[in-house]
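Basis for what follows: all heavy atoms, side chains included, without hydrogens, waters or symmetry-related copies. As the structure lists them, so they are numbered: ligands from 1, and atoms in each ligand from 1.
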Amino acid sequence: MIVDLRSDTVTKPTQGMLNAMFNAKVGDDVFGEDETVNSLEEKAASIFGMEAGIFCPSGTMTNQIAIKCFTKPMDELIADQTAHVYRYEGGGIAFNSAVSTRLLNGDRGILSADMIAPEINAENVHYPNTSLVVLENTVNRGGGSCYKLSQIEPIARLCQEKGLKLHLDGARIFNALVTTGDKAIDYGKYFDGISVCLSKGLGAPVGSVFLADKETIKYARRVRKVFGGGMRQAGFLAAAGIFALEHHVNRLKDDHNHAQLLATELKKYNWVKSVMPVETNIIVFETIQSATNIVDKFANYGIKALSTGSNTVRFVLHMDITADQIDHTIKSLKLI
Ligand SMILES: *Cc1c(COP(=O)(O)O)cnc(C)c1O
């Protein structure tokens, strides 16, 4: 048995999703004529209380478009030091937007208004102009830690007072919503931009949407074209996204339950030094031996995991992990 816990990006489309893709009505989306893409963009925007959306090939692209829309060259953005936009987007902040990055030390990636306020540069020719704050929810490197909306509200107020834009890297926003019980519709009140991945926990094969006001999305279409992300009959992919939004949100709680089960098991073993608090579908744990050593041992039992540091290993739960696979994993942990 193979149990692939490396990432929630490894899922394959279900039969229902494939049927939806196969039956999609499509057109040339660069001409704005793909009705399935248009309806995905409208649907995602309305879920989050935003005016408009744009469908893109990846979450990296939606984040990079957001940064391009919300900054000018020579500006600075503020993000946590674990932020995906900084660590895992290939230096795109500097390359695409000519913007510098001020990194903060959040609590497992979670920032507060008090942490951000002193890092906003005063008006002075020496200092880059701080124009954007990027939050991530859930925080990937925080072990799937999440913000409650009540924690976001003071940050949004600060950004408004200081004239900064606020962008959400919501690659796993639905995982956060399932845990916090906050409502997606309320997010639109606080963020200028929201990026949502359809190909993580929601199980679509490709795609992310960037949500914002109409003006910003109009400009984002120009930026997407420049980045090479203007797709043609993309409705076949958008159909998978619509299917995911309609059928795969409520089931995320199963992934979270599986994560809790595995975390409880991991804590029993002396080769595990510590397990980060598990809030959603990600488990990050510290090992006594080197992480690559442990990952190799897992592989002997068909369990695929990622080492995320010299002594840290990550499991990510997702919709292709069955109860049987969880049983197999629990049995295998005993043999490590
Ligand atoms: C996966 C991910 C993204 C986007 O990644 P793509 O692979 O480009 O779709 C963005 N932010 C976070 C936190 C992620 O985990």
Side-chain angles (χ1 to χ4, degrees), residues 4-11 13 40 44 48 53-68 70 77 79-93 95-97 101 103-104 106 108-111 132-147 152 166-177 179 187 191 193-211 220 223-224 227-229 231 234 237-238 240-241 244-245 252 255 259 276 279-284 306 308 312 314-319:
D4 196 342
L5 296 169
R6 288 172 303 167
S7 173
D8 44 6
T9 54
V10 301
T11 56
L40 169 64
F48 285 92
I54 180 170
F55 181 51
C56 294
S58 71
T60 298
M61 189 180 283
T62 51
N63 281 333
Q64 292 298 320
I65 287 174
I67 293 164
K68 189 79 189 152
F70 295 141
L77 68 76
D80 183 76
Q81 52 98 7
T82 62
H84 192 282
V85 291
Y86 175 73
R87 287 202 178 219
Y88 303 116
E89 297 186 9
I93 296 171
F95 185 73
N96 297 317
S97 296
T101 308
L103 296 174
L104 308 188
R108 289 188 299 133
I110 302 292
L111 301 177
L132 174 65
V133 173
V134 178
L135 305 181
E136 197 172 300
N137 202 16
T138 68
V139 185
N140 184 348
R141 272 194 78 91
S145 51
C146 37
Y147 284 91
I152 289 169
L166 183 59
H167 174 66
L168 175 67
D169 176 356
R172 297 188 178 83
I173 183 59
F174 286 106
N175 294 90
L177 293 171
T179 291
Y187 267 70
F191 287 97
I194 300 179
S195 164
V196 181
C197 279
L198 303 162
S199 62
K200 291 269 166 74
L202 295 189
V206 176
S208 286
V209 281
F210 171 50
L211 311 173
V223 178
R224 184 184 66 176
F227 285 179
M231 299 181 285
L237 300 174
L245 289 171
L252 289 172
D255 300 339
M276 265 190 172
E279 297 180 33
T280 52
N281 67 326
I282 300 177
I283 308 169
V284 175
L306 273 190
T308 55
T312 53
R314 188 183 79 165
F315 285 167
V316 185
L317 281 300
H318 53 78
M319 55 182 288

Student: What protein heavy atom is closest to atom 6 (P) of ligand 1, reported as residue, atom name and distance in Å?
Tutor: G59 N, 3.6 Å
Student: Would a line drawn from the ring center of F95 to the ring center of F227 be shorter than 6.0 Å?
Tutor: no
Student: For R172, counting its heavy atoms only, list the atoms of ligand 1 lying under 4.0 Å from any of them.
Tutor: 15 (O)
Student: Taking 4.0 Å as the limit for heavy-atom contacts, which would you say applies to E136 with ligand 1: side chain only, backbone only, both, or neither?
Tutor: side chain
Student: R172 versus D8: any side-chain heavy-atom pair under 4.5 Å?
Tutor: yes
Student: Can you tell me which residue and heavy atom of the protein come closest to atom 2 (C) of ligand 1, and the distance to 0.1 Å?
Tutor: K200 NZ, 2.2 Å
Student: On a heavy-atom basis, I'd like to know which of I173, T138, D169, N137 is closest to atom 11 (N) of ligand 1.
Tutor: D169
Student: N/O of A171 under 3.5 Å from N/O of ligand 1, yes or no?
Tutor: no
Student: Could you tell me, atom by atom, which parts of ligand 1 come under 4.0 Å of a heavy atom of N63?
Tutor: 10 (C), 11 (N)
Student: Please name the residue in the list T82, I282, V316 that meets the side-chain contact (heavy atoms from CB on, under 4.5 Å) test with N140.
Tutor: I282
Student: Test side-chain contact (heavy atoms from CB on, under 4.5 Å) on V206 and S199 and set out the steps.
Tutor: CA-CA 5 Å; V206 176; S199 62; 5.7 Å; no
Student: Which atoms of ligand 1 are found less than 4.0 Å from any heavy atom of S58?
Tutor: 8 (O), 9 (O)
Student: Does Y86 OH have over 12 foreign heavy atoms under 6.0 Å away?
Tutor: no
Student: Which heavy atom in L211 sits nearest to a heavy atom in A44, and how many Å separate them?
Tutor: CD1-O, 3.6 Å
Student: Look at the rings of H167 and F70 and say which category their plane angle falls in: under 30° parallel, 30 to 60° tilted, over 60° perpendicular.
Tutor: tilted
Student: What is the nearest protein non-hydrogen atom to atom 8 (O) of ligand 1, stated with its residue, atom name and distance?
Tutor: T60 OG1, 2.6 Å
Student: Heavy atoms only, cut-off 4.0 Å: how does V139 contact ligand 1, side chain, backbone, both, or neither?
Tutor: neither
Student: Using heavy atoms and a 4.0 Å limit, tell me yes or no: is M61 in contact with ligand 1?
Tutor: no
Student: Below 4.5 Å, heavy atoms only, C-beta onward: do R108 and V139 meet side chain to side chain?
Tutor: no
